Amino acid sequence: MMVNTVRFALVVVGVFGWSMMLPSATQVGLSDKVLVFPYETDFSFVSLIPQKEMGLRAFTLCMRVATELPEDRQIILFAYRTADYDELNVWRESDGRVSFYMSGDGIFFHLPPITTFRTSLCLTWDSRTGLSAFWVDGKRSTYQVYKPGHSIRPKGSILLGQDADKHLGGLEAGQSFVGEMADLNMWDFVLSRSMIQAWHYGHRVPKGNVFDWGTMEYELNGNVMVVDDD
């Protein structure tokens, strides 16, 4: 009887452990919630489903982010990849700079460090001029010109927490995000200074028409927690 009980317990544990690795069903909305990535892994990430195709010639991407990872540890903050290209990847580099890449070489910014205290981080880019900037807690970096005339291609996969070196594959623990993410929103145009500052302070702004945190469709994979944003 004891042997059967032990066998049953092992089966239950095994099935439960395996089920934790399966992606969840598509869920909707993260209002007043935060995503917690508690450990470094090569299997934990969140898949995002955009409200419109990611064929973009301008954008504003905003999120609130915090991490305890050391400054010399590379971290992926946002990853959008089609079958052949990293269409839009945002990184904290191993030298502490923050960067983004669109189908090739990236562009780098010296910003205040991302720490255990939550940082409001926005990125703007306009294909017409190539003007690009990061915004930290409502303050803009210097402009840099990056890929004027470029277009971001649609029909890819968007991940938080991991960088796919190929289409939904090639994940690496040493690049994974560990920490908290909240209030991720994206627009297919460049928000004004006043709108970005209003978003930073939690005031009402136009809902993101690519991603809106409150109505976002997403899937959890691996060890990612959704908790109340206290």
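Not measured: the values here are computed from a predicted model.
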Quiz item: Are Thr82 and Tyr80 close enough, and set up right, to give a side chain to side chain contact (heavy atoms under 4.5 Å, CB included), and what steps lead you there?
Solution: CA-CA 7 Å; Thr82 53; Tyr80 170 51; 3.8 Å; yes
Quiz item: Is there a path of hydrophobic side-chain contacts, each under 4.5 Å between heavy atoms of I, L, V, M, F, W or Y residues, that connects Leu160 with Val36?
Solution: no
Quiz item: Does any pair with a residue in residues 115-139 pass ring pair (Phe, Tyr, Trp, His ring centres under 6.0 Å), and if so which ones, sequence neighbours excluded?
Solution: Phe59-Trp125, Phe109-Phe134
Quiz item: Hey, what do you get for SG (Cys122) to CE (Met195), rounding to the nearest 0.5 Å?
Solution: 12.0 Å
Is a side-chain donor or acceptor of [X] paired with a backbone partner of [Y] at a separation under 3.5 angstrom?
X      : Y      : answer
Ser44  : Asn223 : yes
Thr41  : Phe43  : yes
Asp228 : Asp230 : no
Gln162 : Phe45  : no
Glu68  : Gly179 : no
Trp213 : Leu30  : yes
Ser132 : Val145 : no
Thr60  : Phe189 : yes
Gln51  : Gly208 : yes
Ser176 : Asp42  : no

Quiz item: Distance only, no hydrogens: is a donor on one side chain within 3.5 Å (strictly under) of an acceptor on the other, for Ser103 and Arg153?
Solution: yes
Self-check item: Carboxylate-amine/guanidinium proximity below 4.0 Å for Arg97 and Asp95
Solution: yes
Exercise. Could you tell me whether Arg73 and Glu93 have a side-chain N and a carboxylate O separated by less than 4.0 Å?
Key: no
Quiz item: Among pairs that include at least one residue of residues 180-198, which meet salt bridge (Lys or Arg N to Asp or Glu O under 4.0 Å), considering only residues two or more places apart or in two chains?
Solution: Lys52-Asp188, Arg64-Asp183, Arg118-Glu180
Quiz prompt | Ring-face cation of Arg81 near Tyr85 (centre distance under 6.0 Å, axis angle within 45°) | solution = no
Which heavy atom of [X] sits nearest a heavy atom of [Y], and at what distance?
X      : Y      : value
Trp199 : Trp187 : CD1-CH2, 4.4 Å
Leu88  : Met102 : CD1-CG, 4.1 Å
His200 : Gly138 : CG-N, 3.9 Å
Val205 : Ala198 : CG1-CB, 3.7 Å

Self-check item: Residue pair Asp163, Asp86: steps toward the side chain to side chain contact (heavy atoms under 4.5 Å, CB included) verdict
Solution: CA-CA 9 Å; Asp163 172 42; Asp86 290 324; 4.2 Å; yes
Quiz item: Which residues, ordered by chain and number, are linked to Val28 in its hydrophobic cluster, where ILVMFWY side chains connect at heavy-atom gaps below 4.5 Å, directly or through other members?
Solution: none
Exercise. Take Val210 and Leu61, measure what side chain to side chain contact (heavy atoms under 4.5 Å, CB included) needs, and give me the verdict at the end.
Key: CA-CA 9 Å; Val210 181; Leu61 172 66; over 6 Å; no
Self-check item: For Phe78, the option from Asn89, Ile158, Leu159, Val65 that meets side chain to side chain contact (heavy atoms under 4.5 Å, CB included)
Solution: Ile158
Exercise. Would you check, one step at a time, whether the test side chain to side chain contact (heavy atoms under 4.5 Å, CB included) holds for Leu48 with Glu217?
Key: CA-CA 6 Å; Leu48 305 184; Glu217 294 186 64; over 6 Å; no
Quiz item: Name the one of Arg57, Lys147, His150 that satisfies side-chain hydrogen bond (donor to acceptor under 3.5 Å, both in side chains) with Ser127?
Solution: Arg57
Exercise. Answer yes if the ring centres of Tyr146 and Phe100 are under 6.0 angstrom apart, and no otherwise.
Key: yes
